[in-house]
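Counting starts at 1 for both ligands and their atoms, in listed order. Throughout, residue positions are numbered sequentially from 1 according to the sequence presented.
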Amino acid sequence: MNQSVQNPQPELSAIRQKMFIDGRFVDARSGKTLPVFNPATGAEIARVPDAQAEDVDAAVRSARATFESAAWQGMLPVERERLLLKLADLIEQHGEELARLETLNNGKLLMFSRMLEVGANAQWTRYMAGWATKIEGSTLDVSIPFPPGVRYTAMTRREPVGVVGAIVPWNFPLLMAMWKIAPALACGCTVVLKPAEETPLTALRLAELVMEAGFPAGAVNVVTGYGESAGAALVRHPGVNKIAFTGSTEVGKIIGRSCMDDMKRVSLELGGKSPVIVLDDCDPAVAVAGAAGAIFFNHGQVCTAGSRLLVHKSRYDQVLAGLASAAEATKLGDGFDETAQMGPMVSATHRDRVVRYIESGKAEGAELLAGGQAQPGSGYFVRPTVFSNTTGKDLTISREEIFGPVVVAMPFDDLDDVARKANDSRYGLGASIWTNNLTQAYRLIPKVQAGTVWLNCHNMVDPNLPFGGYKDSGVGREHGRAMIDVYTETKSVCVAY
Ligand code: NAD
């Protein structure tokens, strides 16, 4: 690797290695820790507490005490707005430190850590700050006829749902954390966040910045630990009013069932197998760039990754050849290397999982056009991989979410055929359509079962754009006005006069 283009890595001694409960960094009561790795090298970079139920209990008690405190209950919306705006400023002020920490821990290219984990993060925080002062109910006419002579009027109030247990994955660690924390705080909730065990480091630093912004101790707690122990304890805890979860569909279903047992509020942002649809008029060069970005961005570790490529038969060979060359030309490397175009998978376990899927594609008869293996060496790299399935075989790699840089392509005949193929999935998170033919685009958009449909772009998100899934991709919508539904309860008030 060319050292001259290496950006400096963060000082390991500056990494926070304790979890954040009630405004203080603490160890797990058991003293147990879990290792955190640099996925580009496989080196251990930190150990963080392996939280158990007793630690989660302390965090939830803190969040609840803060939520119920007179100071929190009496805080004006404009004050929450001011604190969130201050937090956004702090995220930007410490942006370079946070971005480097994220690249070290997650492996993503530093450019994307800067743009998304920091830049978009601050944007989301400011957007949600604005909502704190704009939460509203309605006044309602009602028709209650008795007792005679009495009149009624009614209104609704939005009240914070309470203590939010936020559980997030490792693919956008800091951004996913803020996608829960900012709306929860804007709505007047307090939070216990459990980051993914692979990527806890930026969340721990963020917790400190939340305090520095002026939020009281307990407003945001961060417990580090494994899903089956710390995560499950948070889901089951009676002091938690709502679980906001982003992660796999399998875990989402377990959490959803548990929340229903306890009548906890729950929102679930889950997996995907999103189609990229290239219509017959699309310039093949545009299609190649669009399809490559859709699947290879963030090394394919994106819930909306365009992992199924559907190309009109008249363009199929040309687009697939272009995509295969783009994949072969991709330079893999450490996220700190400015010449690298793709970083590693987040963990050795995940790399091995992605490679197993690639092997299943080969074994089940898909045609391999590019990539097809892990890159030898100490980091967790997988070559960008392109499969073609012209025979329409039912392949595991077409059905299951791989969450890596692996795309399976198929040709289609017409709009009905592509709608059927696009919807032939248990998932329904995202989809993109590539065309300049607006008639075809507008006919296809209503047929595609997905929470977001992009036209001539893919993976684009915005705090003002509701985000969530159809089918097995989840329940509820994050962002925009829709977030108020998931972080507040509606109270109806009926007044006789
Ligand atoms: P995962 O479901 O394995 O883990 C996600 C989080 O849940 C982690 O913090 C984990 O520790 C925790 N967890 C695991 N088991 C748990 C349990 N039994 N109880 C409580 N918590 C538990 O997912 P992952 O591998 O970390 O992330 C990848 C998945 O996330 C993919 O399926 C991806 O599509 C999905 N994702 C979805 C979105 C979205 O917005 N829809 C965004 C990003 C990622």
Practice task
Counting heavy atoms only, name the option from Val251, Thr246, Leu193 that's nearest to atom 5 (C) of ligand 1.
Solution key: Thr246
Practice task
For Glu197, counting its heavy atoms only, list the atoms of ligand 1 lying under 4.0 Å from any of them.
Solution key: 10 (C), 11 (O)
Practice task
Ignoring hydrogens, just give me the one of Gly451, Gly227, Ala232 whose non-hydrogen atom is nearest atom 22 (C) of ligand 1.
Solution key: Gly227
Problem - Close approach, Phe467 and ligand 1, non-hydrogen under 4.0 angstrom - result: yes
Handout entry: Arg426 atom CZ: more than 12 heavy-atom contacts under 6.0 Å
Key = yes
Exercise for the section: Kindly assign one of parallel, tilted or perpendicular to the pair Trp454 and His458, based on the angle between their ring planes and the thresholds 30° and 60°. Expected result: tilted
Handout entry: Asn423 side-chain N/O to Arg420 backbone N/O, donor-acceptor pair under 3.5 Å
Key = no
Fill in the blank from the handout: atom 36 (N) of ligand 1: closest protein heavy atom, distance to 0.1 Å, is Cys303 CB, 3.5 Å
Practice task
Give a yes or no on this: more than 12 heavy atoms of other residues, nucleotides or ligands lie within 6.0 Å of atom CE of Met263.
Solution key: no
Exercise for the section: Ignoring hydrogens, tell whether any protein atom lies closer than 4.0 Å to atom 13 (N) of ligand 1; use the non-hydrogen atoms only. Expected result: yes
Problem - Gly468 near ligand 1 by a heavy-atom separation under 4.0 Å - result: no
Problem - Electrostatic pair Asp472-Lys253, nearest N-O below 4.0 angstrom - result: yes
Exercise for the section: Kindly say whether Leu174 contributes a backbone atom to a donor-acceptor pair with the side chain of Asn121 at under 3.5 angstrom? Expected result: yes
Problem - Geometric N/O contact Ser473 with ligand 1, under 3.5 angstrom - result: no
Exercise for the section: May I ask you to say whether Glu92 pairs ionically with Arg126, meaning some side-chain N is under 4.0 Å from a carboxylate O? Expected result: yes
Handout entry: Thr396 and Glu364: side chain donor to acceptor below 3.5 Å
Key = yes
Handout entry: ligand 1 versus Phe245: contacting region, heavy-atom distance under 4.0 Å
Key = side chain
Problem - Numbered atoms and elements of ligand 1 in range of Gly231, under 4.0 angstrom, heavy atoms - result: 19 (N), 20 (C), 21 (N)
Practice task
Distance to 0.1 Å, residue and atom name: give those for the protein heavy atom nearest to atom 35 (C) of ligand 1.
Solution key: Gly247 O, 3.1 Å
Completion exercise
Note: ligand 1 atoms sitting under 4.0 Å from heavy atoms of Ile255 are 20 (C), 21 (N)
Problem - Tyr427 six-ring face occupied by Lys471 cation (under 6.0 Å, within 45°) - result: no
Fill in the blank from the handout: Out of Gly474, Ser248, Ser347, the nearest non-hydrogen contact to atom 1 (P) of ligand 1 is supplied by Ser248
Exercise for the section: Please identify which atoms of ligand 1 are closer than 4.0 Å to at least one heavy atom of Pro195. Expected result: 9 (O)
Problem - Aromatic ring proximity Tyr487/Trp131, centre distance under 6.0 Å - result: no
Exercise for the section: Answer yes or no: is there a donor N or O on one side and an acceptor on the other, between the side chain of Ser473 and the main chain of Gly428, under 3.5 Å? Expected result: yes
Completion exercise
Closest heavy-atom pair, Arg265 versus Glu489, reported as atoms and distance to 0.1 Å, is NE-OE2, 2.8 Å
Handout entry: Proximal atoms of ligand 1 relative to Glu401 (non-hydrogen, under 4.0 Å)
Key = 31 (C), 32 (O), 33 (C), 34 (O)
Handout entry: Distance from atom 33 (C) of ligand 1 to nearest protein heavy atom, with residue and atom
Key = Phe403 CE1, 3.1 Å
Problem - Nearest-contact summary for atom 27 (O) of ligand 1 - protein heavy atom, Å - result: Pro169 CB, 3.3 Å
Exercise for the section: Could you walk me through whether Lys273 and Ser398 pass side-chain hydrogen bond (donor to acceptor under 3.5 Å, both in side chains), step by step? Expected result: CA-CA 8 Å; Lys273 193 77 190 172; Ser398 304; over 6 Å; no
Problem - Mode of Leu270 contact toward ligand 1 - side chain, backbone, both, neither (heavy atoms, under 4.0 Å) - result: backbone
Problem - For Asn171, the ligand 1 atoms whose distance to one of its heavy atoms is below 4.0 Å - result: 43 (C), 44 (C)
Exercise for the section: Write out the residue and atom name of the closest protein heavy atom to atom 9 (O) of ligand 1, then the distance separating them to 0.1 Å. Expected result: Val168 O, 2.8 Å
Exercise for the section: Would you mind checking which non-hydrogen protein atom is closest to atom 25 (O) of ligand 1, with the distance to 0.1 Å? Expected result: Trp170 NE1, 3.2 Å
